[in-house]
Student: 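First the structure, which I've put down as structure tokens, then a few questions once you've had a look.
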There are 2 protein chains.
Amino acid sequence: MTTKEKRAAEDTKQPPVRRRDKERTRREILEIAFAEFAENGLAGGNTDAIAARANVTKRLIFYYFNTKEELFTAVLEMAYAKMRIAEQDLHLEALEPEAAIRRLAEFTFDFDQANPEYVRLVTIENIHRGRHIRASKKLKEMTRPIVSQIAAVLDRGVGAGVIRPGIDPVELHMSLNALCFFSVANRHTFEAQFAADMSSQKAKAQRRVEIADLLWRYVRNDQGAAKSAASKS
Amino acid sequence: MTTKEKRAAEDTKQPPVRRRDKERTRREILEIAFAEFAENGLAGGNTDAIAARANVTKRLIFYYFNTKEELFTAVLEMAYAKMRIAEQDLHLEALEPEAAIRRLAEFTFDFDQANPEYVRLVTIENIHRGRHIRASKKLKEMTRPIVSQIAAVLDRGVGAGVIRPGIDPVELHMSLNALCFFSVANRHTFEAQFAADMSSQKAKAQRRVEIADLLWRYVRNDQGAAKSAASKS
DNA sequence: GATATAATTATCCCGTTGGATAATTATAAT
DNA sequence: ATTATAATTATCCAACGGGATAATTATATC
């Protein structure tokens, strides 16, 4: 019976369910640590809690990651890698310039909304003045192809005469990120101060198009006859 | 000699230099606590350190503020009050709509740049999901007249036909804050990822006009002949 | 089946830190 | 001057938490 179940489980996964699995253990610790740090920050993040939630002894954390700081760095590396992968689903090449810009804006907005823990983690790293991201060789080598994607869209748009020349893709990316990031990161204080709604589905949907609009109005060429689709409520 | 100096000191301040001064002690603790929390966060902020830097016994902190959390809340209240006061120097009434919008943008940008500790504190409060700002009666009652100032500018601009109708002043304030806040709050990770410069005087000056531009392009009326001064490098 | 290796556990440790207890003393009111 | 009040200090404490030591055991290799 027990043996039967065991065998069944073993059949599912090719390498028989090993109690000792370096990769799996590492990954599970990382996953839990991500949640823990995103929730409570670096100082607030508790290694005892991580160990408990990951079903490992605390010692294992230090066995694999040496110190809490290094664990945090590893978490950051994982988070950024995931984001990088997500950005690859973003295909702007096939779209008209305006559609591409709007797609870009909505994609970024959706990503931040869907991954508040990521937003929190980045925020926390900034509180620490980016010292982990700066110290991580892996993170420094990790390129973010999204900027070249943006650059390509801008170039195409300028060529077609619908986007004005001289826009720096990094600056554009920064503006977009600022707008989307803020909607998640600063939600609580902003809502409290201005009795604004940034949490309901309706408010988010509105904000989403608002940001796309903002971005498009910023890049579009208004010299001569700018035939734009930017009209809404 | 000593008496002389003492007397001199007493002459300077009307109420003779009191060793026991409720108000002064409270204020000094708050000031140091502000720096400490902005630097190290709520969990990372150390009451021993605050006591030492403020030249008081730790007990005094709890005597006046009961708990660390309440001290943090008091710090928040002070910070927001200061910001509110700063906003009163912003006189948009006398300016043409476009000038007013640009002034607003630059003022906000400058404030965040000049007060990174404030930016950090707000960030930290958001990491804690705004639970202190929400719990503070004082903060809930503290209005932020800046929104009505913005609303007034928008109204005037719409009346003059230079600003398009339908813009929500709170949304505009949010967008502007997002852009300015990000430039300070997310500087470290953004610089690390995109090898961008957000710290040099030159980069800041550029970003400042860029944001003003962005905002103006967003609100200006482009129906009919929009005579705008929005041209730059 | 014996052995070596490395993944994992059980336990302990000690510096840190919010906060509590109780004594002290400057100041204002009488 | 005396007294009452309240601001301030001196000490202590117990829980927490990062990390270290050493023992254990599953697994791969021979």
Side-chain angles (χ1 to χ4, degrees), chain A residues 2-3 6-7 9-10 13-33 35-37 39-75 124 128 132, chain B residues 2-3 6-7 9-10 13-33 36-37 39-75 124 128 131-132:
Chain A
T2 343
T3 18
K6 204 174 181 182
R7 195 163 305 276
E10 281 172 0
K13 309 197 172 191
Q14 273 70 6
V17 180
R18 284 178 297 173
R19 297 256 300 276
R20 305 202 162 190
D21 185 334
K22 193 180 158 77
E23 300 306 319
R24 204 184 76 150
T25 305
R26 247 190 85 99
R27 191 172 0 107
E28 285 175 358
I29 291 175
L30 266 185
E31 217 71 55
I32 300 289
E36 173 75 11
F37 284 132
E39 185 59 37
N40 302 315
L42 179 50
N46 184 309
T47 55
D48 276 314
I50 294 171
R53 288 171 59 189
N55 278 314
V56 295
T57 316
K58 185 165 60 164
R59 180 69 246 268
L60 269 195
I61 295 175
F62 295 95
Y63 180 67
Y64 285 113
F65 299 98
N66 300 317
T67 67
K68 194 184 177 185
E69 294 259 323
E70 285 180 54
L71 173 60
F72 183 81
T73 303
V75 165
I124 288 161
H128 293 279
H132 309 92
Chain B
T2 345
T3 17
K6 205 173 179 182
R7 193 163 303 277
E10 280 172 0
K13 310 196 173 195
Q14 275 68 6
V17 180
R18 284 179 295 174
R19 296 259 298 276
R20 306 205 161 186
D21 186 333
K22 193 180 159 77
E23 300 307 319
R24 205 185 74 150
T25 305
R26 248 191 85 99
R27 191 172 1 106
E28 285 175 355
I29 291 175
L30 266 184
E31 216 71 55
I32 301 289
E36 174 76 10
F37 284 132
E39 186 58 37
N40 302 315
L42 179 51
N46 184 309
T47 55
D48 277 313
I50 294 171
R53 289 171 58 190
N55 279 315
V56 296
T57 317
K58 186 166 58 166
R59 179 71 246 266
L60 268 195
I61 295 175
F62 297 94
Y63 179 68
Y64 285 113
F65 300 98
N66 300 319
T67 67
K68 195 184 175 183
E69 294 260 324
E70 284 181 53
L71 173 60
F72 184 80
T73 302
V75 165
I124 288 160
H128 293 280
R131 75 164 182 268
H132 310 91

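Letters A, B, ... mirror the listed sequences (proteins, then strands); counts begin at 1.
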Student: Give me each pair satisfying ring pair (Phe, Tyr, Trp, His ring centres under 6.0 Å) with a member in residues 47-73 of chain B, each pair once, sequence neighbours excluded.
Tutor: B:F37-B:F72, B:F72-B:H132
Student: Any N/O pairs under 3.5 Å between the protein and nucleotides 23-25 of chain D? List them or say none.
Tutor:
unit_1, atom_1, unit_2, atom_2, d
D:dT25, O2, A:R20, NH1, 2.8
D:dT25, O2, A:R20, NH2, 3.0

Student: Whole Å only: how far is the CG atom of A:L60 from the C1' atom of D:dA26?
Tutor: 13 Å
Student: Which heavy atom of B:I50 sits nearest to which heavy atom of B:I29, and what is that distance?
Tutor: CG2-O, 4.2 Å
Student: What's the CD-C1' distance between A:E23 and C:dA6, to the nearest Å?
Tutor: 13 Å
Student: Under the rule for salt bridge (charged side-chain N to carboxylate O under 4.0 Å, His left out), what residues qualify as partners of B:E70, not counting sequence neighbours?
Tutor: none
Student: How close or far is atom P of D:dG19 from atom CG of A:L71, stated in whole angstroms?
Tutor: 10 Å
Student: Work out which heavy atom in A:A51 is nearest to a heavy atom in A:I61; give both atom names and the distance.
Tutor: N-CD1, 3.7 Å
Student: Side-chain contact test, heavy atoms from C-beta onward, threshold under 4.5 Å: evaluate it for A:N40 versus A:N46 and give yes or no.
Tutor: no
Student: Using the C1' atoms of the five pairs at each end, what is the angle between the end axes of the helix from C:dG1-D:dC30 to C:dT30-D:dA1, to 10°?
Tutor: 10°
Student: Provide, to the nearest angstrom, the distance between the CD1 atom belonging to B:I50 and the P atom belonging to C:dT17.
Tutor: 11 Å
Student: Between B:E23 and B:R27, does any NZ, NE, NH1 or NH2 come within less than 4.0 Å of an OD or OE carboxylate oxygen?
Tutor: no
Student: I need the full list of side chain to side chain donor-acceptor pair (under 3.5 Å) pairs touching residues 52-62 of chain A, with sequence neighbours left out, sorted by first then second residue.
Tutor: A:E36-A:R53, A:D48-A:K58
Student: Which letters describe nucleotides 10-18 of chain D, given B = protein heavy atom under 4.0 Å from base, S = only from sugar-phosphate, - = neither?
Tutor: B------BB
Student: Sequence neighbours left out, what passes salt bridge (charged side-chain N to carboxylate O under 4.0 Å, His left out) with A:E69? Give chain and number order.
Tutor: A:R131
Student: Mind checking if A:F65 touches a base, just sugar-phosphate, or nothing, with heavy atoms under 4.0 Å?
Tutor: nothing
Student: Could you check how far CD of B:E70 sits from C1' of C:dG18, rounded to whole Å?
Tutor: 14 Å
